[in-house]
Every structure is written in structure tokens, then in C-alpha cells.
Amino acid sequence: MNTQLAGIDFSAPSHIVAPQLIGVTVLFNGVGGRIVEVEAYDREEPASHCYIGQTARNFSMFGPPARSYVYQSHGIHWCLNFVCREAGHGAGVLIRALEPVEGLDAMRARRGLDDERLLCAGPGRLCEALGVTREHNNLPLAKAPFKLIARDPVHRPEVLAGPRIGISKAVDLPWRFVLAGSRYLSKPMRGGHPV
DNA sequence: TGTATGATCGCCT
DNA sequence: GGCGATCATACAG
């Protein structure tokens, strides 16, 4: 099984994969943009859906890496993760924000909102803008409707790490990664440190 | 700029 | 029955 995609080895731990995803372009049916904010989750850490073991909800994170894990949050919003590690471990990277690049009109139509800055600034917003829902759980990221485009290998983006957002457990783990200075984050990074 | 609150539902801690 | 890896709105300062 090929776990390499967009120049990233998805069989690595999620906190290793996550910072490498900053700057990668994600398209979904041709709509999307550059990743500017992600969070890593792993079975060995209690904030992860994997922590309790495999269930009907989280099974795709226990499958092969470089696939999608889509879950519903608060009964309203969908959230997109990329599965990491070897099959059976349980780990993923939550895609929290994109800098919109392709299909701006489609995103605006789905979001019912003009402000480019708010189109994909948050995991639920991003899925609404791209049209990602439950049906797109457990799909290979190497095939349509997904398309990943590697970042420029020459210019490494400046990545900051800090604590994750919206969780109540393992709050001190610095597994949130953002593109330094990006205007498209769900929240500004305060007190982050360079990776 | 920041904090509080309600919406709404699949899956369990 | 309770709880979220959230978002939009309302209101205070």
C-alpha cells in the first residue's frame, strides 16, 4: 500500500504529518485551497475520538492511512480529517482552515456569504464550503473527489505550533499547527512556537 | 475584541 | 440521557 501522497508519508504519527500539511492544497471536486490550520489527534491521547478504541463512528481512523475521516459535530457541522499511522492504530489530522484558492463562487454559494476570509476559517465552515458530508467518510485521498497538491518544495512555509482549540482534555499538547501570519485561521495563534 | 448562548443529532466517555 | 475536535448571533466594554 502506498502511503505517500503530496510528498507526505501518511503512515507517520499525526503530529509529524500535521505540520507537513500546512501549505498543501486540498481540492474537493475542484473546489478548495491551501491548508493553513490543522490539529493532530492520536489514540494514545484522550482528546481523540480514537482514545476509546474503534467504534461505528470512528472506524475509518483505524483503517489504512491517507483516507478521509468525516464526522458530525454538535449534530450540525461536518469535520474533515486525514487518517494517519498504519492501519489499526487510530490517528488523524483535523483540517481546520483553508486559504480559498479554487472555486470561490461555489464556496460562496454553499456558505451563503461573501467574505473570503470566513469561507473556510473553521472545520465546519470548510466542509460546508467544499460540500463534504458523511458520504465522504473513509475515501482515499489519492482519488477523486479529493485531490492533494504538494506544497512548493523549495520554500518551506513558516509553521507555528500551539495548543488545540475546542477540547477539554489533553489541553496542553501543542498539536495545533498554523501558517504563520495567515489571515484565514479559525482563531489567531497566540504564543505559538516555530516548528 | 471578547464572552455567552442556543441550535440539533449520532453515538457513547 | 448526556455530551461534543462548532458556528452564528447577541451584547458588553
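Everything quoted here is computed from the prediction, not taken from an experiment. Below, chains carry the letters A, B, ... as their sequence lines are ordered, and counting in each starts from 1.
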If I take atom CG in residue A:Leu173 and atom C1' in nucleotide C:dA5, what distance separates them, rounded to the nearest angstrom?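 Answer to the nearest Å: 13 Å.
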Between the protein and nucleotides 11-13 of chain C, list every N/O to N/O distance that falls short of 3.5 Å.
none

So, using side-chain contact (heavy atoms from CB on, under 4.5 Å) as the criterion, who are the partners of A:Cys127 when residues are at least two apart?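 With neighbours one apart ignored, the set is A:Trp78, A:Leu80, A:Val132.
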Qualifying residues under side-chain contact (heavy atoms from CB on, under 4.5 Å), relative to A:Arg34, sequence neighbours excluded: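 side-chain contact (heavy atoms from CB on, under 4.5 Å) list for A:Arg34, sorted by chain: A:Thr25, A:Glu99, A:Val101, A:Leu179.
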Can you list everything that forms a salt bridge (Lys or Arg N to Asp or Glu O under 4.0 Å) with A:Arg183? Sequence neighbours excluded, please.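 Applying salt bridge (Lys or Arg N to Asp or Glu O under 4.0 Å) to A:Arg183 gives none.
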Residues in salt bridge (Lys or Arg N to Asp or Glu O under 4.0 Å) with A:Arg176, at least two apart?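 Expected list: A:Glu37.
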For DNA chain C, stems built from three or more consecutive Watson-Crick or G-U wobble pairs below 3.5 Å: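 The stems that DNA chain C takes part in, listed by first number, are B:1-7 with C:6-12, B:9-12 with C:1-4.
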Identify each atom pair where a protein N or O and an N or O of nucleotides 5-13 of chain B are less than 3.5 Å apart, giving names and distance.
{"from": "B:dT8", "atom 1": "O2", "to": "A:His74", "atom 2": "O", "distance (Å)": "2.5"}
{"from": "B:dC12", "atom 1": "OP1", "to": "A:Thr55", "atom 2": "OG1", "distance (Å)": "2.5"}

With A:Glu116, which residues qualify under side chain to side chain donor-acceptor pair (under 3.5 Å), at least two apart?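 Partners of A:Glu116 under the side chain to side chain donor-acceptor pair (under 3.5 Å) test: A:Tyr184.
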Check DNA chain C against residues 84-99 of chain A and give the residues with a non-hydrogen atom under 4.0 Å, in numerical order.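 A:Leu94, A:Arg96 - these, ordered by number, are the residues of the stretch whose heavy atoms sit under 4.0 Å from the strand.
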Stretch residues 8-26 of chain A: residues that reach within less than 4.0 Å of DNA chain C through a heavy atom: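 Of all residues in residues 8-26 of chain A, none places a heavy atom under 4.0 Å from DNA chain C.
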Contact list for residues 151-172 of chain A, test side-chain hydrogen bond (donor to acceptor under 3.5 Å, both in side chains), sequence neighbours left out: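 Residue pairs with at least one partner in residues 151-172 of chain A: A:Glu45-A:Arg164.
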Filter on side-chain hydrogen bond (donor to acceptor under 3.5 Å, both in side chains), then keep only pairs touching residues 118-127 of chain A, sequence neighbours left out; what's left?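 Output for this query is empty, none listed.
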What distance, rounded to whole Å, do you find between the two C1' atoms, one in C:dA5 and one in B:dT13?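 Approximately 14 Å lies between the C1' atom of C:dA5 and that of B:dT13.
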